[in-house]
Amino acid sequence: MNSLLKAENVHKSFNGVNALNNFSCDVHENEIVGLIGPNGAGKSTLFNVITGFIESENGNIEFIGKVITKYPSHKIIKLGISRTFQDLRLIKQMSVLDNILLCFNNQQGEELQNIIFKSNSIAKVEEENKLKAHDLLRHAGIEEKANDLAGTLSYGQQKLLSIICCLAADSKLLLLDEPIAGINPEMREKILTIISELPSKGKSVILIEHDMDFTMRICNRLIFMDAGYKISEGTPEEVRNDPKVIEAYIQ
Amino acid sequence: MEYLLHILILIGIYTILSVSLNLLVGYTGILSIAHAAFYGVGAYVAALMALKLQTPFLLNLFLAVIASGLFGAVVGIPSLRLRDDYFVIATFAFQIITFSILNNLVDFTGGPLGLPGISQPNIFGFEITTHVEFLVLVIILAGVTFWISNKIVKSPFGRLLKAIREDEIFVKAAGRNVSDAKVKVFVISASLASIAGVVYATYITYIDPTSFTIMESIFIISIVIIGGSANLKGSIVGSIVLVALPELLRFIGLPNSIAANIRQILYGALLVIFMLWRPQGFLGEYKFGKESAARSKK
């Protein structure tokens, strides 16, 4: 399998507390990797470092063969990494459709010179994107909400929408931060189906999730983190039965 | 009749200023109090070109727009890195600096005496001298400003601006360059504001630094907020109300010295009233004070 993302000896500390301690990992194409561990283990920090929201102090991150460690985040994301946030982020005062449209990457209408001189082709791209957005919404089963304000959706639907936004960007790698925390079982199944289909569409996923049952069902591999260290890595069974993991959870 | 036309021309000038500021304050949610500085840059560039080099009006207009845009980039690129209140202070500083330069560079700008005798516009041999002709000119230029601004806010770029106003982190996560977009809209806003300056300078034929003070910036912000942030038509309504309303005071028969002070009180009071009971202004969708208060709590 080809390597998609490679992190080597990534180090980050906040006021002397090590959030990431020479952390290394590898993500291959078309796989789902679960990132588990207690609160404060550095899981979200890893996402922030990969996407350039936080700069690491040390180490190297490679994505599709490019060293992205020093890239600004918009450049990293354009290369093909999308993410969601633990504290759900959407533009709540805009419609569901607009939120998705915002995430498509082929936006020549965001270049000022094009607005005046290329309005026809912008309109065409907008129409195509709208169709694609409706397809994504239909597939997720919330098409009827397209014109509602994102803030009026239920919590679960908002989480679903944030994943749809990642899909709109058509990224190779999705970083999902607790995609099912705090939502009802029916919506969980829906999100689980959507995530589990991703590898067959040529996408990889790293997901942070505390729900062991969920991660066991969906992930090809698990990485267990604690205090910025990688404690254990392997198939879900291997990690679950690793004495070091059991020890860390009991503490 | 001339008096009425004069008021209409002023409304046109303030429409240009408030529509262009609305792109920043209303749509992108960044509060600049340097708008009068760009208005002044436009006026002074056009006046100096006309006085020293006798260049034609359209060339002056073009150069004023370019110069103001460049100033916008110079101010915007460093200061837009700052967040909320700090950005406001940075623009405040630029406003003060601009005024000081205009006021003190006596050899070039005439200092406090200003620049008298600016020639009226001559567009391909057609002289614009009467009030009616100026009104037509200002309506055309305000129309162009409105058209460009409307194009921008209705485009995907406009959607990006609104999204930046609501949640920069989300926009960043969508792979957009937030500071780049902010600089672009700041430059556009500055360029459009200079158009008003050019019209003002050639209409009054005399300019001095006191027309481009911080009070002027605040007046334009009042128009945007009272008219309605993030609504371009609101800015037209705001210009009409705030320019015409104080004129009514004249008819009450107050002496001029008192009327001028009452005007200041009126703007302040209106701003307070709107912030308390109708933060979205007459026509706006974006509740100016409330939204930003909610955001800063996070």
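Throughout, protein chains are lettered first and strands after them, A, B, ... in sequence-line order, and every chain is numbered starting at 1. The model shown is predicted, which means the values in this text are computed figures rather than measured ones.
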Ring center gap for Phe38(B) and Phe94(B) short of 6.0 angstrom | yes
Heavy-atom contacts under 4.5 Å, residues 171-189 of chain B to chain A | Lys172(B), Ala173(B), Ala174(B), Gly175(B), Arg176(B), Asn177(B), Lys184(B), Ile188(B)
The interface call for Ile76(A) against chain B, heavy-atom contacts under 4.5 Å, is neither
Side chain from CB out, backbone as N, CA, C, O: work out which of these in Ile122(A) comes under 4.5 Å of a heavy atom of chain B, or both, or neither.
-> side chain
Let me know if Cys165(A) has heavy atoms under 4.5 Å from chain B in its side chain, its backbone, both or neither.
-> side chain
Single hit among Ile206(A), Thr84(A), Ile81(A) for side-chain contact (heavy atoms from CB on, under 4.5 Å) with Phe47(A) = Ile206(A)
Would you call Arg138(A)-Asp135(A) a salt bridge at under 4.0 Å N-O?
-> yes
NZ or CZ of Arg83(A) within 45° of Phe85(A) ring axis and under 6.0 Å | yes
Do you know which of Ile115(A), Val125(A), Leu90(A) has the most heavy-atom pairs with chain B at a distance under 4.5 angstrom?
-> Ile115(A)
Electrostatic pair Lys118(A):Glu111(A) at N-O distance under 4.0 angstrom = no
Selection from Asn129(A), Thr51(A), Asp98(A) maximising heavy-atom pairs under 4.5 Å formed with chain B | Asp98(A)
Go through the side-chain N and O atoms of Ser95(A) and Asn147(A) and say whether any donor and acceptor fall under 3.5 Å apart.
-> no
For His35(B) and Ser20(B), test the side chains for any donor-to-acceptor distance below 3.5 angstrom and give the result as yes or no.
-> yes
Looking only at side chains, do Gln157(A) and Ser154(A) share a donor and an acceptor under 3.5 Å apart?
-> yes
Quick one: what part of Ser162(A) sits under 4.5 Å from any heavy atom of chain B, side chain, backbone, both or neither?
-> neither
Is the closest side-chain donor-acceptor distance between Lys124(A) and Asn120(A) under 3.5 Å?
-> no
